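As structure tokens, the structure follows; a few thoughts come after it.
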Protein chains: 2
Amino acid sequence: MSQAWHEEMQAAAQRGGRIGDRDIADKVRRAVLMQRLPPGTKLPEVTLGEVFGVSRSVIRKSLTRLASEHVVDQRPNQVARVRAPGIEETRETFEARRLVEGEVVALLAGGLSAATLEALGGEAREETAAYRRGDEAARIEHSLNLHHLLAEQSPNRVLGGLLTDLVLRTSIVVALYKRSGLASCYQEAQHDRLIALLADGESEAARRAIHDHLFGLEALLDLSPRESRIDLMSILG
Amino acid sequence: MSQAWHEEMQAAAQRGGRIGDRDIADKVRRAVLMQRLPPGTKLPEVTLGEVFGVSRSVIRKSLTRLASEHVVDQRPNQVARVRAPGIEETRETFEARRLVEGEVVALLAGGLSAATLEALGGEAREETAAYRRGDEAARIEHSLNLHHLLAEQSPNRVLGGLLTDLVLRTSIVVALYKRSGLASCYQEAQHDRLIALLADGESEAARRAIHDHLFGLEALLDLSPRESRIDLMSILG
DNA sequence: CATACCCATATTGTATACATAAGGCCCTGC
DNA sequence: GCAGGGCCTTATGTATACAATATGGGTATG
């Protein structure tokens, strides 16, 4: 367990009043997303309990929730660990998300209220601004917000739920496999283009835009099998 | 809590040796699928604990698992209840499953081993046999096995996981909204046709076959809004 | 007669203690 | 030097006690 993660969590615990399993899951999820908790990190229940000032009961519920979101691996009689999706699963996650998010934006095109479009545009603008000032954490936050908003607005709530899950999972693997040289996975103007197509009701063009966006994102990752820093950890660990 | 369900569970508890949260979730899931547990049924933790001979800890884990599968509703400070998806959600679930299962069978076509094809054929045959002898429980079992097998065989494991979830959810709503006159939702020969197309590698035809199959299944349901026996329970409850 | 309030009861939320199993370390034997 | 086995440490699995909260019924009141 790294030092940084411990103090981060302790600080988070102190700021809030009563915290529940939901809050804890949120914090751990964010920490994973921001790579504060590297894959494979052990998450012992007692330790987390001390950090958050609650008992194992609450922690267990949080971990179970995170496991159902595929954020942590929770195996019987074993310490929960931050999940490390392999290269194959990464590709599959992207493929699944292309299918689902493509369908969602196609359904969404032309049916969004002005207020929603404005909210989407706002997130896109803030993402760009964060990128320009080099604030990667904020950039990821706004990018996530944008896609999460799409998922929430889906007229098909079931598909929306699936999309929410897939957005989280892709975000985790992006953080994991981002090429070391790259500071960010920002793709200039792609979000704005998508929003314009949604506003114009161009269903199929919006679907293609999402496909391009996700293919582009996947292409920014280093998914070469040789670099097995992650696989070693999960296989040997 | 109905009488039948209680004795069913007690019998189940007695037959097995040590039972864990997984087993309990399985049994409750089956009971829901077989309509032994009607929607809205309360599932108090202590009652379940007594029935299965375990403490609330185990029950809680089971319920949480079932909640993540959308089988039960688990809201804070409230007793868990068997979930009652509304008509709208039913349609959305079918739409989502068409999208995902269509893609899965398209990916699967032409790539299945002879052994897997034989296993699929076996389930289809057993389903037909069960239908002919009027054993609806067995028919559902084999139909579920078939689709579950498809999900497991998906080269894309992420999509397979999504499909597993959707198959379960559609099964629940089929049980719920099956027209009262209908003894079964069996659709003659459709499974066999699908398997043939998979064997022949006809991706797009297989996708269409699944679409037809699922549209046909949805058409067998009574989704008219007037009959609000379910909606009243979930809205007022 | 309808409504609002209040109390008794049932049920979940949380913490803790004990039981059980996994993992690591050292020690022994080859 | 290396492999194997047993002990010890650590962490999870399960049960239980207590606290907090919802639910339902009964009663008083407008």
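Remember, it's a predicted structure, so these values are computed and weren't measured experimentally. A note on names: the letters A, B, ... follow the listed sequences, proteins ahead of strands, and every chain is numbered from 1.
For the pair B:R81 CZ and D:dT23 C1', the computed distance is 11 Å after rounding to whole Å. Atom-to-atom, NZ of A:K42 to C1' of D:dT9 comes out at 12 Å; the value is rounded to the nearest Å. One interatomic measurement links the two molecules: CD of A:Q74 to P of D:dG13, which rounds to 7 Å at whole-angstrom precision. Atom CG of B:D21 is separated from atom P of D:dT14 by 7 Å (rounded to the nearest Å). Atom-to-atom, CD1 of A:I59 to P of D:dT12 comes out at 10 Å; the value is rounded to the nearest Å. Atom CZ of A:R75 and atom P of D:dG13 are 13 Å apart (whole Å). What separates CD of A:Q78 from C1' of C:dG23 is a distance of 10 Å, to the nearest Å. Rounded to a whole Å, the CD atom of B:E45 is 14 Å from the C1' atom of D:dA15.
Ranked by how close their nearest DNA chain C nucleotide is to the 5' end, A:V58 and A:P76 are led by A:V58.
Taking the charged nitrogens against the carboxylate oxygens, A:R139 and A:E136 do have a contact shorter than 4.0 Å, which makes a salt bridge. Ion pairing of A:E88 with B:R157 is absent here, as no side-chain N (NZ or NE/NH1/NH2) approaches a carboxylate O to less than 4.0 Å.
Each of B:K178, B:R98, B:R179 was scored for a salt bridge (Lys or Arg N to Asp or Glu O under 4.0 Å) with B:E218, with one residue passing: B:R98.
Closest approach to the A:K61 side chain among D:dT12, C:dG13, D:dA15 is made by C:dG13 (side chain taken as heavy atoms from C-beta onward). Of the candidate nucleotides D:dT23, C:dA21, C:dT14, C:dA21 has the atom nearest to the side chain of A:N77. If you check D:dA15, D:dT12, C:dA15 against the side chain of A:R56, the one that comes closest is D:dT12.
The phosphate of C:dG13 (OP1 or OP2) has a side-chain N or O of B:R60 nearer than 4.0 angstrom. Contact annotation: B:S57 does not reach the phosphate of D:dT14 (side-chain N/O to OP1 or OP2, under 4.0 Å).
The NE2 atom of A:H147 sits 12.0 Å away from the OG1 atom of A:T164 when rounded to the nearest 0.5 Å.
If you check the side chains of B:S224 and B:D222, you find a donor sitting under 3.5 Å from an acceptor.
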